[in-house]
Amino acid sequence: FRELGTEVGETVAEWLDYFLKFHEDRFGWDSVPIHDACAVAEVIDDGIVETEEMHVAVETAGDHTAGRTVCDQWDVLDTEPNATVGVGIDREPFVDLLVDAVAKY
């Protein structure tokens with residue numbers, strides 16, 4: 001994003017730097033999830049996100065997960081799927097789409 005040479009590109013790069021550090025420190029991850037951009041990418045390019053049908057619930061009573069969506073990816077609850085959940089993404093086209101969108105902004 002910095003290579004775009006724009007203020008917007010620099011701002012996005014700074015956000016990603018911040019969130020990379022956060023996710024490294026907090027979870028030991030070496031990458032940054034960009035959930036909202038993934039959802040938009042799927043609307044723009046149907047099929048860019050790999051999906052699975054599964055049961056999804058919003059946990060409203062848990063001490064550790066209150067308000068979180070819980071996806072039964074392994075069908076532990078033996079319940080009917082009620083949502084299509086993104087579980088992967090075609091990375092290169094996604095990055096190209098994201099960089100192109102920021103460059104046009």
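Computation of the quantities below employed the complete heavy-atom set of this structure, encompassing side-chain atoms and omitting hydrogens, waters and symmetry-equivalent molecules.
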| request: Could you tell me which residues satisfy side chain to side chain contact (heavy atoms under 4.5 Å, CB included) with Leu20, sequence neighbours excluded, listed by chain and number? | output: Glu24, Val32
| Between Val56 and Val70, is any pair of side-chain heavy atoms under 4.5 Å apart? | no
| Is the backbone N or O of Ala61 less than 3.5 Å from a side-chain atom of Glu59, with the two atoms forming a donor-acceptor pair by type? | yes
| request: Output all residues satisfying side chain to side chain contact (heavy atoms under 4.5 Å, CB included) with Asp17, sequence neighbours left out; order by chain, then residue number. | output: Arg2
| query | Is Phe22 reachable from Trp15 through a run of I, L, V, M, F, W or Y residues, each pair having side-chain heavy atoms under 4.5 Å apart? | reply | no
| field | Ile89 to Cys38 - nearest heavy-atom pair and separation | value | CD1-SG, 3.7 Å
| request: Taking side chain to side chain contact (heavy atoms under 4.5 Å, CB included) as the test, write out the residues that go with Arg68, two or more places apart. | output: Thr65
| Ile34 vs Leu16 side-chain heavy atoms within contact, under 4.5 Å | yes
| request: Any pair with a residue in residues 23-63 that passes ring pair (Phe, Tyr, Trp, His ring centres under 6.0 Å), sequence neighbours left out, goes on the list, sorted by first then second residue, please. | output: His23-Phe27, His23-Trp29, Phe27-Trp29
| query | Would you say Asp90's side chain and Ile48's backbone share a donor-acceptor pair under 3.5 angstrom? | reply | no
What donor-acceptor contacts under 3.5 angstrom involve side-chain atoms of residues 92-103, with partners at least two apart or in another chain?
residue: Asp100; atom: OD2; partner: Lys104; partner atom: NZ; Å: 3.1

| message | Could you work out, with side chain to side chain contact (heavy atoms under 4.5 Å, CB included) as the rule, every residue matching Ser31, not counting sequence neighbours? | response | none
| message | If you count every heavy atom of other residues, nucleotides or ligands that lies below 6.0 Å from Tyr105 atom OH, does the total exceed 12? | response | no
| said: Applying side-chain contact (heavy atoms from CB on, under 4.5 Å) to Val85 and Glu52, what does each step give before you reach the verdict? | reply: CA-CA 5 Å; Val85 178; Glu52 292 180 14; 5.6 Å; no
| request: Could you tell me whether Asp25 atom CG has more than 12 heavy atoms of other residues or ligands within 6.0 Å of it? | output: yes
| message | If you define the side chain from C-beta out and look only at heavy atoms, does anything of Val87 sit under 4.5 Å from Thr51? | response | no
| Verify same cluster id: Tyr18, Val8 (apolar side-chain graph, 4.5 Å) | yes
| message | Looking at every heavy atom in both Met54 and Cys71, which two are closest together, and how far apart are they? | response | SD-CB, 3.4 Å
| Is a side-chain N or O of Glu42 found less than 3.5 angstrom from the main chain of Gly47, in a donor-acceptor match? | yes
